[in-house]
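So that the names make sense, note that chain A is the first sequence line, chain B the second, and so on, each numbered from 1. Just so we're clear, the structure is a prediction, and the values are computed from it rather than from any experiment.
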There are 2 protein chains.
Amino acid sequence: MSGAPQKGSTLKPALPKSDAGVHPCAACEVREHAVCGALTLPELAKFGGAMKHISLEAGDHLVDEGESETHVFSVTAGCLKCFKLLPDGRRQVVGFVFPGDFLGLAKADAYTSSVEAVTTATLCRMDRRELEKMSTSIPNLDKRLHEMASEALAELQGQLLLLGRKTAHERVATFLTMLSRRAEERGLPGNPVDVPMSRDDIGDFLGLTTETVSRTFSRLRKDGLIGGDKDRRVEILDEDGLTDIADGF
Amino acid sequence: MSGAPQKGSTLKPALPKSDAGVHPCAACEVREHAVCGALTLPELAKFGGAMKHISLEAGDHLVDEGESETHVFSVTAGCLKCFKLLPDGRRQVVGFVFPGDFLGLAKADAYTSSVEAVTTATLCRMDRRELEKMSTSIPNLDKRLHEMASEALAELQGQLLLLGRKTAHERVATFLTMLSRRAEERGLPGNPVDVPMSRDDIGDFLGLTTETVSRTFSRLRKDGLIGGDKDRRVEILDEDGLTDIADGF
DNA sequence: CGTCGCGTTGATTTTGCTCAAGATGGGTGG
DNA sequence: CCACCCATCTTGAGCAAAATCAACGCGACG
């Protein structure tokens with residue numbers, strides 16, 4: 001694990017709110033979108049007290065598939081990728097995680113995928129046993145975790161449909177609409193959409209090669225569905241058209 | 001929903017056990033593998049009391065993707081498939097469910113996939129609200145559901161790797177080893193392995209066509225990895241070889 | 001005995017992969 | 001400040017794995 005674990009709990013100085021003074025977590029800007037959003041202020045203080053902040057640089061490695069699952073994480077900034085590998089190096093990105101997302105929903109003995117930072121990122125880290133204790137004493141927390149796991153299950157089923165049955169064109173369209181939707185869920189603009197990951201990572205997420213991803217972007221651009229001259233920032237020009245392609249119409 | 005809902009709770013007459021007399025569910029032969037396995041006898045009586053038995057014939061349709069999620073189910077016998085459809089009819093089977101498996105782990109407003117019986121099947125059905133009430137009052141139940149959801153998440157991630165990065169050959173090998181493993185988990189022989197679903201269903205699960213599945217079975221048979229002359233019963237002749245192919249070696 | 005659903009096999013096509021060669025652009029050092 | 005460098009991205013040409021299209025075998029069932 002790289003990235004220096006730091007003591008301290010806020011990314012930005014706590015703003016003077018009615019919340020302030022209880023626990024610095026109260027001022028966390030992603031709180032509402034994270035597990036933490038389900039907690040009352042006293043619960044939050046207890047929960048936040050068991051968290052440590054860590055930060056990673058792009059490419060830094062957080063956990064390895066198969067290693068003992070000692071910690072869980074809540075992402076506060078940046079983007080990370082979760083992936084599985086085959087012996088010959090073939091890679092499948094099983095998910096990208098963004099601020100508010102939780103790592104460790106599937107309680108298992110070992111991590112079910114490796115996790116690596118796509119961009120500079122910050123996370124809160126908690127001991128897995130600690131989480132389990134808290135989860136039994138804080139019903140709200142348990143409920144929220146269950147809820148997040150449910151969303152993850154639904155999301156994964158959609159990804160199965162994508163990988164099993166959609167064309168390259170449909171996959172990329174789905175990917176862009178998904179990124180846009182998720183940005184909006186976090187209160188960010190969904191258009192133009194920020195694409196922090198490389199073509200390689202996108203390919204490994206969509207079950208395609210870099211080249212096919214690149215060609216598909218080019219085609220979507222030529223067809224006037226997307227615009228933007230920068231690789232990592234895509235303007236959606238025809239949202240309905242893109243959604244139709246994504247949904248297989 | 002087809003299949004006549006029946007009152008009554010056991011598939012077989014309760015055997016005279018120390019368990020007997022509390023609730024017929026105590027004698028259910030899949031109890032240990034199902035959600036129910038986590039419950040004490042009084043809890044089981046309460047839980048089982050809210051269940052209704054239903055049975056389906058092969059091809060019968062249990063729920064539709066998108067329709068309001070009013071019920072949850074626990075499979076007691078047979079095999080069912082969960083699938084998603086694209087507008088043009090392309091289909092992705094997101095999972096096969098066997099006795100002991102639970103339908104409704106992902107609490108959502110609407111079913112995230114359609115479910116249809118692959119073989120004659122029996123299930124226990126419970127109102128979703130009922131389950132939620134019970135789940136708050138029976139911590140064991142809640143814990144078990146969470147646990148099952150975790151397993152499902154891990155399973156789905158493996159399926160993403162399969163669909164995104166494995167060859168047809170590897171997919172079919174993975175499928176057979178998975179069926180075998182799951183049969184053993186239920187206390188059944190893992191070899192020869194029972195393959196209750198059609199080549200079509202297998203194809204829609206593995207992201208392949210019927211023809212490719214069929215050819216791949218033929219090749220595995222020719223290569224001496226599997227045997228058995230019947231379509232729906234496969235003998236694994238070289239378990240290590242099959243596992244190696246499945247794992248990408 | 002004929003039909004129908006399912007599985008197998010063969011011939012051909014196609015989508016996306018592989019291999020290869022440039023373009024682009026951000027970062028670094030002179 | 002500019003030139004170079006290296007990552008990343010793009011584009012092209014040929015190829016291969018699996019899809020499609022088509023025919024046929026076989027057992028179940030009426």
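- Summarising the geometry, atom CG belonging to B:Leu160 is positioned 14.5 Å from atom CZ belonging to A:Phe83; distances are rounded to the nearest 0.5 Å.
- A:Ser218 comes within 4.0 angstrom of sugar-phosphate atoms only, judged by non-hydrogen atoms across all strands, and of no base.
- Among the protein residues, B:Arg219 comes within range of no part of the nucleic acid, since none of its heavy atoms lies under 4.0 Å from any strand.
- Taking the C1' atoms as reference points, D:dC5 lies 16 Å from D:dC9, given to the whole Å.
- Atom pair A:Phe217:CZ and C:dT24:C1' shows a separation of 17 Å (rounding to whole Å applied).
- When the C1' atom of C:dT15 is taken as reference, atom CG of A:Leu206 falls 16 Å away, rounded to whole Å.
- Under a 4.0 Å N-O distance rule, the pair B:Arg91/B:Glu116 does not qualify as a salt bridge.
- Of the two residues contacting DNA chain C, namely A:His169 and B:Val213, the nearest-nucleotide position lying further toward the 5' end is that of B:Val213.
- Scanning atom types as modelled, one donor and one acceptor separated by under 3.5 angstrom connect the side chain of B:Arg215 and the base of C:dG10.
- Taking a cutoff of 4.0 Å between a charged side-chain nitrogen and a carboxylate oxygen, A:Asp204 and B:Arg165 qualify as a salt bridge.
- What separates CD of A:Glu57 from P of C:dG27 is a distance of 13 Å, to the nearest Å.
- With a glycosidic angle no further than 90° from 0, D:dA7 counts as syn.
- Atoms CZ (A:Arg171) and P (C:dG16) sit 7 Å apart, rounded to a whole Å.
- For A:Glu211, the side-chain atoms get nearest to D:dT11 when compared with the rest of D:dA22, C:dG7, D:dT11.
- Taking for each of A:Lys230 and A:Lys166 the nucleotide of DNA chain C with the nearest heavy atom, the 5'-most of the two is the partner of A:Lys166.
- Taking atom CE of B:Met197 as the reference point, atom C1' of C:dC6 lies 16 Å away to the nearest angstrom.
- Rounded to whole angstrom, the span from the CZ atom of A:Arg199 across to the P atom of C:dA23 amounts to 19 Å.
- For D:dT10, one of the phosphate oxygens OP1 or OP2 lies less than 4.0 angstrom from a side-chain nitrogen or oxygen of A:Ser214.
- Here the side chain of A:Arg232 is nearest to one of D:dC9, C:dC17, D:dT10, namely D:dC9.
- Proximity of A:Thr209 to the phosphate of C:dC17: a side-chain N or O atom is located under 4.0 Å from OP1 or OP2.
- Nearest to the side-chain atoms of B:Thr212 among the listed nucleotides D:dA18, C:dT18, C:dG16 stands D:dA18.
- Here the side chain of B:Asp231 is nearest to one of C:dC19, D:dA19, C:dT8, namely C:dT8.
- Checking C:dC17, C:dA20, D:dC9 against the side-chain heavy atoms of A:Leu208 singles out C:dC17 as nearest.
- Here A:Gly207 lies in heavy-atom contact (under 4.0 Å) with sugar-phosphate atoms only.
- Although no hydrogens or angles enter the test, the distance criterion places a donor-acceptor pair under 3.5 Å between the side chain of A:Lys84 and the main chain of A:Thr112.
- Between B:Thr210 and the phosphate of C:dC6, there is no side-chain N or O to OP1/OP2 separation shorter than 4.0 Å.
- The distance between atom CG of B:Leu163 and atom P of C:dG16, rounded to the nearest whole Å, is 15 Å.
- Note: CZ (A:Arg233) to P (D:dC9) measures 16 Å, nearest angstrom.
- A donor-acceptor contact shorter than 3.5 Å links the side chain of A:Tyr111 to the backbone of A:His71.
- Base pairing analysis places D:dA7 opposite nothing; no Watson-Crick or G-U wobble pair with both distances below 3.5 Å involves it.
- Here A:Phe96 contributes atom CZ and A:Asp101 contributes atom CG; the two are 12.5 Å apart, rounded to the nearest 0.5 Å.
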